[in-house]
Amino acid sequence: MALQDICNFQSVFEDRLTTEYPAVPHGKKIASNYVSGLPFSNNKSLFHFYIPVAEYLDESPIQFGQISTVQNCSAVSSEDPFLTSSSLPTCLPFASSQSVPLPFPMAHGTTTLAFMFQGGVMAAADTRSSCSGLVACPASQKILPIHSHLVGLTSGTSADCALWKRILARELRLYQLRHGRRLSTSGAAKLLSHMLHPFKGTELCVAATLCGWDGGEQKNFVDSTNAKVSLAKDERFSFSQQCSIRKKMNLSGPRLFYVCSDGTRLRGMLFSVGSGSPYAYSILDQGVHWGLTVDEAKSIAREAVYRATYRDAYSGNCVDMYHITSKGWTRRNREDLKEEYYREKERRKHEKTESLKI
Amino acid sequence: MFQHFGDPGKMKDYHYTGPVEHKFSPYAFNGGTVLAVAGEDFAIVASDTRLSEGYSIHSRDSPKCYKLTDTTVIGCSGFHGDCLTLTKIIDARLKMYKHSNNKTMTSGAIAAMLSTILYSRRFFPYYVYNIIGGLDEEGKGAVYSFDPVGSYQRDTYKAGGSASAMLQPLLDNQIGFKNMEGVEHVPLTKDKAVQLVKDVFISAAERDVYTGDALRVCVITKEGINEETIPLRKD
């Protein structure tokens, strides 16, 4: 549904399959495989990825000492492709398949962090995008706003993160249009986790931290003084639903969720993800508590990213900071950490001369 | 010992080291370097024209810039088979867009479309390093650089391909004025940019074996696309 519409390759492959299949003799494998959709989608298939069947790699026209590797997926792929595409994703052919060895490295390595405090959620990330030793981009954006009150931090392969954020933004917008209210951060995290589930076991690598502020939208849901009036008006709500609505009013506020492509979905007060996260954690564990002011929170986040970039080779360049409150997210200007490094050097030199004087 | 393509430009081991398992790889590395620079009202896309594989040169006249529209040029380097297919697919999609929307795609729209085309092949990627250069809707120069699976962003300058690691720092210094103290940031003129691109490729041909033969420069302005070919080292 989502990815297929965005990537729009369905028509190309379906034509090939429908025209080629009757003519293909029984037993020959067609070099493509489909993953069918998740239960909530109303389309036949959610994603139409071109996934090479392992036999394609073994059946080369050039015979020079190839060893056919026995794999679990070959049993599945020997079935009729139509049959596999119509079943739900209980059997995933590529979960154990040996994917094509890539001749290039993917972008990885980062430091991102987010924590909750009394003034909302503070999110910070570095801006270096590295590809096994080469800095592919010194000014990439790792904090992507999804909507006015939700921001996502990305870690992992940048292409995966960019696409999946885009899909999540689209799904959240559709939810908002259909149901008249924003989906909560918890719901968004669950949605992302379920969308990533069919790709568990593949080389997809997404470790996202969703930071948002829930609630505070429609008056008749949140405003407790008007609640009785609006509820009386609308007699559809039963007593239990009224209780749950009142409970919901306490559930608004800052939220922080960590979602990973291996299936993890965690709620917390403080998260740091990436190769530089151990260094960031040490600064954050030392200084973060609920009662921080906004300026203190900003300086701690900045310091944590700076220390992580100082020690971690795969993090560096600049720091991005976003602050999410009930009014939405605000972005702080990108700051080059090179200046911070030189300031620190000056300070150390100054301290050294001071101590020598005494 | 499993031979994999972790490092595409590396020499193959020809001495006997024990039984080697050869597996068919659907990828090959055909070399080549692409570069794009965006200016105030122009964009330049340049590429060398050498097509190589391993120790051999297949062709000395295979440029890697492809004209997409009157205001957009794409440079593709990597595996030549995937470059050809990808440009055919992009051309087809451009035509479809033109017929259904009655207007040509803008550079930004082409970039977004290419990102989704590349990502649809996430598990069997196109081994192509793309750089799109063109003019945006306001007439300013735009450069979009991609990785093989579709992650992209807009830049001012970018080098891709086999000599990218050599060219990118030079561009950072000369166009981005990085790591230079006390230098006036003069905006780049078109003639200066073309001269810089030529010099930069001459340097690349000196040190990178997969770059050379000739340089094809496409300058995109609102008047149109102007192509120029300059010879480089042939050895």
Side-chain angles (χ1 to χ4, degrees), chain A residues 3-10 12-13 31-33 47-52 56-67 69 94 97-107 129 131-141 157-164 166 199 202-204 338, chain B residues 2-10 19-29 78-79 82 89 92-93 96-97 112-129 145-156 158 160 164-166 168-169 172 176 178-179 181:
Chain A
L3 195 65
Q4 137 202 325
D5 285 349
I6 289 176
C7 293
N8 202 18
F9 244 19
Q10 175 198 5
V12 177
F13 285 110
S32 60
N33 223 327
F47 306 120
H48 277 239
F49 277 112
Y50 181 75
I51 298 142
Y56 160 68
L57 298 173
D58 288 331
E59 270 175 13
S60 160
I62 316 156
Q63 300 284 335
F64 54 93
Q66 285 165 18
I67 299 162
T69 46
F94 54 79
S97 76
Q98 193 178 346
S99 55
V100 182
L102 293 179
F104 49 80
M106 306 269 244
S129 180
C131 247
S132 85
L134 178 68
V135 175
C137 182
S140 55
Q141 213 190 1
T157 316
S158 23
D160 291 331
C161 293
L163 245 294
W164 284 102
R166 200 172 157 183
F199 300 95
T202 67
E203 63 215 19
L204 206 72
K338 188 176 66 167
Chain B
F2 182 65
Q3 279 199 331
H4 64 95
F5 285 78
D7 196 353
K10 218 163 118 175
V20 176
E21 180 187 325
H22 283 280
K23 211 164 174 159
F24 170 68
S25 168
Y27 295 116
F29 182 63
F79 171 41
D82 277 345
I89 289 174
R93 292 286 295 269
M96 281 157 57
Y97 185 94
M113 179 184 76
L114 181 57
S115 169
T116 52
I117 292 175
L118 292 171
Y119 198 80
S120 71
R121 291 275 295 249
R122 170 67 176 81
F123 299 108
F124 185 19
Y126 289 111
Y127 181 17
V128 191
Y129 291 93
S145 62
F146 292 78
D147 81 346
V149 268
S151 160
Y152 80 106
Q153 63 173 67
R154 187 171 170 173
D155 290 315
T156 319
K158 187 81 178 173
S164 60
M166 284 179 225
Q168 190 66 31
D172 280 334
K178 300 265 173 75
N179 301 313
E181 300 292 325

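Please read these numbers as outputs of a predicted model, since none were measured by experiment. In the text below, chain A, chain B and the rest are named by the order of the sequence lines, each starting its count at 1.
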Exercise. Is there a side-chain contact between A:Ser158 and B:Val149, using heavy atoms and a 4.5 Å cut-off?
Worked result: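 The answer is no; the side chains never approach within 4.5 Å.
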
Problem set entry | Pairwise side-chain contact, A:Thr202 with B:Arg122, heavy-atom cut-off 4.5 Å (strictly under) |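 Answer no - side chains too far apart.
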
Problem set entry | Rounded distance [0.5 Å steps], SG in A:Cys137 versus CG in B:Asp147 |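 Output value for this atom pair is 10.5 Å.
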
For this session: List in chain and number order the residues that pass ring-ring contact (aromatic ring centres under 6.0 Å, His included) with B:Phe146, two or more places apart in sequence or in another chain; answer none if no residue qualifies.
Result: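 Result, ring-ring contact (aromatic ring centres under 6.0 Å, His included) vs B:Phe146: B:Tyr152.
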
Exercise. B:Gln168: what forms a side-chain hydrogen bond (donor to acceptor under 3.5 Å, both in side chains) with it, not counting sequence neighbours?
Worked result: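 B:Gln168: no side-chain hydrogen bond (donor to acceptor under 3.5 Å, both in side chains) contacts found.
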
Exercise. When heavy-atom pairs shorter than 4.5 Å are enumerated against chain B, which of A:Ala159, A:Ala139, A:Cys161, A:Ala162 gives the highest number?
Worked result: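 Ranked by contacts with chain B, first place is A:Ala159.
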
